[in-house]
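Step one of this worksheet: look at the structure below.
All chains are named by letter (A, B, ...) in the order of the sequence lines, taking the proteins before the strands, and each is independently numbered beginning at 1.
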Amino acid sequence: DVKVTQSSRYLVKRTGEKVFLECVQDMDHENMFWYRQDPGLGLRLIYFSYDVKMKEKGDIPEGYSVSREKKERFSLILESASTNQTSMYLCASSSGQARRGYTFGSGTRLTVV
Amino acid sequence: GENVEQHPSTLSVQEGDSAVIKCTYSDSASNYFPWYKQELGKRPQLIIDIRSNVGEKKDQRIAVTLNKTAKHFSLHITETQPEDSAVYFCAASMEAAGNKLTFGGGTRVLVKP
């Protein structure tokens, strides 16, 4: 019963490539989030969205952009991938009403070479 | 913005002993404090949460305490078992702000049989 799906589990991209990470949720959640996870740094918020076509910068938005054209889909875009963007990327969603915390996707481990 | 610090970064305990993880937060407006458990290679899962109108909450072998005055909260695991071995993250948010969570750096817990 997977509820938050990230399109790729592992990705290897070259420096300078444009990279798309896709996230889809089937819980009709209003809020969606992109975090990156690095050892010792926890989860750091890149961007989030609380409605279709709405987006807000998180704590580390530089080098990233997002798109939310439909409620269930939230895409993270690396405009020009760099080696310091090698990381685990986690998508999450939450309901604005229930306030029950996040449901996370399985993560995408991105390696930029 | 909010800043969450988590200690210790690693914790090794004997099976059957208790484990305590502590977090501090900076924004006095934060009012929601969840804890996530991430097993190796898996997504973070919500294990317990507490809101600022409550000082303590318990669920079987896990409990959370919150001290709003001191701006810190803790996770207590009693009678630890090998399956408690994981990385644990604390987080804080203001529920009105789109449920945006700020995470601590994580604690790697190892329960030795």
**Asked** What part of A:Q37 gets closer than 4.5 Å to chain B, counting heavy atoms only: side chain, backbone, both or neither?
**Response** side chain
**Prompt:** Is it true that atom CZ of A:R9 has more than 12 heavy atoms of other residues, nucleotides or ligands lying nearer than 6.0 Å?
**Reply:** yes
**Prompt:** Should A:L45 and B:F103 be marked as a side chain to side chain contact (heavy atoms under 4.5 Å, CB included) after you check the CA-CA gap, both sets of side-chain angles, and the distance that decides it?
**Reply:** CA-CA 9 Å; A:L45 182 63; B:F103 286 85; over 6 Å; no
**Message:** Counting neighbours of CZ on A:R44 that are heavy atoms of other residues, nucleotides or ligands and sit closer than 6.0 Å, is the number greater than 12?
**Reply:** yes
**Request:** Write down the atom of B:R43, the atom of A:G105, and the distance for their closest heavy-atom approach.
**Result:** CB-O, 3.2 Å
**Asked** Is it the side chain or the backbone of A:L41 that comes within 4.5 Å of chain B heavy atoms, both, or neither?
**Response** backbone
**Message:** How about CD on B:E79, more than 12 heavy atoms from neighbouring residues, nucleotides or ligands closer than 6.0 Å, or not?
**Reply:** no
**Check: A:Y102 main-chain N/O paired with B:Y36 side-chain donor or acceptor under 3.5 Å** = yes
**Request:** Would you give the length of the straight line joining atom CG of A:D59 to atom OG1 of B:T102, rounded to the nearest 0.5 angstrom?
**Result:** 5.5 Å
**Prompt:** Is the count of non-hydrogen atoms from other residues, nucleotides or ligands lying under 6.0 Å from B:Q60 atom CD greater than 12?
**Reply:** no
**Asked** So which residues get pulled into A:L78's cluster when ILVMFWY side chains under 4.5 Å apart are joined, directly or through others?
**Response** A:L11, A:V19, A:L21, A:M32, A:W34, A:I46, A:Y47, A:I60, A:Y64, A:V66, A:F74, A:L76, A:Y89, A:L110, A:V112
**Message:** Is B:Q45 close to chain A through its backbone or its side chain, or both, or neither, when contacts mean heavy atoms under 4.5 Å?
**Reply:** neither
**Prompt:** Are B:F33 and B:V20 linked, directly or through other ILVMFWY residues, by side chains that come within less than 4.5 angstrom of each other?
**Reply:** no
**Item:** Contacting region of B:P44 [heavy-atom separation from chain A under 4.5 Å]
**Value:** both
**Prompt:** Looking at OH of A:Y35 and CG of B:L101, how far apart are the two atoms once the value is rounded to the nearest 0.5 Å?
**Reply:** 5.0 Å
**Message:** Among B:A91, B:G105, B:G41, B:S9, which residue has the highest count of heavy-atom pairs closer than 4.5 Å to chain A?
**Reply:** B:G105
**Message:** Around atom NZ of A:K71, are there more than 12 heavy atoms from other residues, nucleotides or ligands closer than 6.0 Å?
**Reply:** yes
